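Because only heavy atoms are used, hydrogens play no part in the values below, and waters and symmetry mates are left out as well, while side chains stay in. Owing to the predicted nature of the structure, the values given are computational and were not obtained by experimental measurement.
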Amino acid sequence: GPCYCDQACARTLDCCHDYAQACPVIPCVVSQWNAWSGCAEPCKTTYRVRTRHIIQEPRNGGEACPALEERAGCVEYWTRQGTECQQSLIPALIATGGFGKARKKRAAADGNERVGYCVEFQLVAITPGCLHSHHSYTRWTRYLREGHTVCVECQRPALRAPSLHCYGDGTGSQKNQLLHWQAVGNHRCKGTWRRIRQLDTCSCPSVHSFLFI
């Protein structure tokens, strides 16, 4: 008799002898991903979305369709009206203070007077990814510890005009407000800290010293 393409026969072991030829497996086929959307909300760490659609449904035991939606973290520093987000809402991007020596040399060569300031923070939370750095230039993330006080220097070119502040320095934040930071070069290393104070004239110590990027 005719061969009915009912994949249940594979489980009950009563398929027609020519089932594989008469009812070939047809896997799911999906389209390419659409372009990423904008961030779900401005001025905060949130997510963006991209989607795709089904072109061919699976048949005869074909492979099931993969996920049709994908999300990724993102931050937008501007509101929908085009104004800059509050400083306290922008995650700080930091690198080890050792990179500041090259900046100072360039500033001296250009004849520019270095104008900047420092901000002290207390580290509150640190992700486990900070302990796993695979490059020599991110090895500093291994030494971050919750509860430690760190000094972060804001200097050119991270010093933004006209506000003369570095992004993520916590200007305008409330007392004891949790602020976010992210290590440059190791996307798995991030966390939160509390702003302690700003020092208008400073020289961060060699230990627990960082730069705004």
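Shown here is Glu63, whose CD atom has no more than 12 heavy atoms of other residues, nucleotides or ligands within 6.0 Å. More than 12 heavy-atom neighbours from other residues, nucleotides or ligands sit within 6.0 angstrom of CD on Glu69.
Pairing of Cys151 with Cys118 by a disulfide is not supported, the SG atoms lying 2.5 Å or further apart.
Between the OH atom of Tyr143 and the CG atom of Leu131 there is a distance of 11.0 Å, given to the nearest 0.5 Å. In this structure, NZ in Lys175 is found 11.5 Å from CD1 in Ile196, a value given to the nearest 0.5 Å. Atom CD of Glu146 is separated from atom CG of Leu123 by 8.0 Å, given to the nearest 0.5 angstrom. Note that the OG atom of Ser31 and the CD1 atom of Ile55 stand 5.5 Å from one another [nearest 0.5 Å]. Between atom CG of residue Leu144 and atom CD1 of residue Ile126 there is a gap of 5.0 Å, rounded to the nearest 0.5 Å. Here the straight-line distance linking atom CZ of Arg139 with atom OG1 of Thr96 works out to 12.0 Å at 0.5 Å rounding.
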Trace of the side-chain contact (heavy atoms from CB on, under 4.5 Å) decision for Trp181 with Val150: CA-CA 12 Å; Trp181 57 268; Val150 297; over 6 Å; no
Yes or no on salt bridge (charged side-chain N to carboxylate O under 4.0 Å, His left out) for Glu57 and Arg59, after CA distance, side-chain angles and deciding distance? CA-CA 6 Å; Glu57 293 279 1; Arg59 292 167 54 190; over 6 Å; no
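Side-chain heavy-atom separations under 4.5 angstrom define the hydrophobic clusters, and the remaining members of the one that includes Ile54 are Val30, Leu68.
Contact of the Val184 side chain with the Phe210 side chain is not registered, since no non-hydrogen atoms from C-beta on lie closer than 4.5 Å.
Residues forming a salt bridge (Lys or Arg N to Asp or Glu O under 4.0 Å) with Arg142 (at least two apart in sequence, or on another chain): none. Scored by the salt bridge (Lys or Arg N to Asp or Glu O under 4.0 Å) test, Arg52 finds no partners at all (sequence neighbours excluded). Residues passing the salt bridge (Lys or Arg N to Asp or Glu O under 4.0 Å) test with Glu70, sequence neighbours excluded: Arg50. When the side chain to side chain contact (heavy atoms under 4.5 Å, CB included) test is applied to Thr138, the partners found at least two apart in sequence or on another chain are Ser133, His135, Asn186.
The cluster map of Ile, Leu, Val, Met, Phe, Trp and Tyr, joined by side-chain heavy atoms under 4.5 Å apart, puts Val152 and Leu164 in the same cluster.
Among all heavy-atom pairs drawn from Cys189 and Thr127, the shortest one is CA-OG1, 3.5 Å. Here the closest non-hydrogen pair linking Gly168 and Phe212 is O-CE2, 3.8 Å. Minimum interatomic distance between Tyr117 and Asp169 (heavy atoms only, all atoms of both residues): OH-OD2, 2.5 Å. Across every non-hydrogen atom of Pro58 and Cys65, the tightest pair is CD-SG, 3.7 Å.
Although no hydrogens or angles enter the test, the distance criterion places no donor-acceptor pair under 3.5 Å between the side chain of Asn60 and the main chain of Ile26.
Legend: salt bridge (Lys or Arg N to Asp or Glu O under 4.0 Å) pairs involving residues 190-202, not counting sequence neighbours, sorted by first then second residue: Glu120-Arg197.
Note: Phe121 and Trp193 have parallel aromatic rings, judged against thresholds of 30 and 60 degrees for the angle between ring planes.
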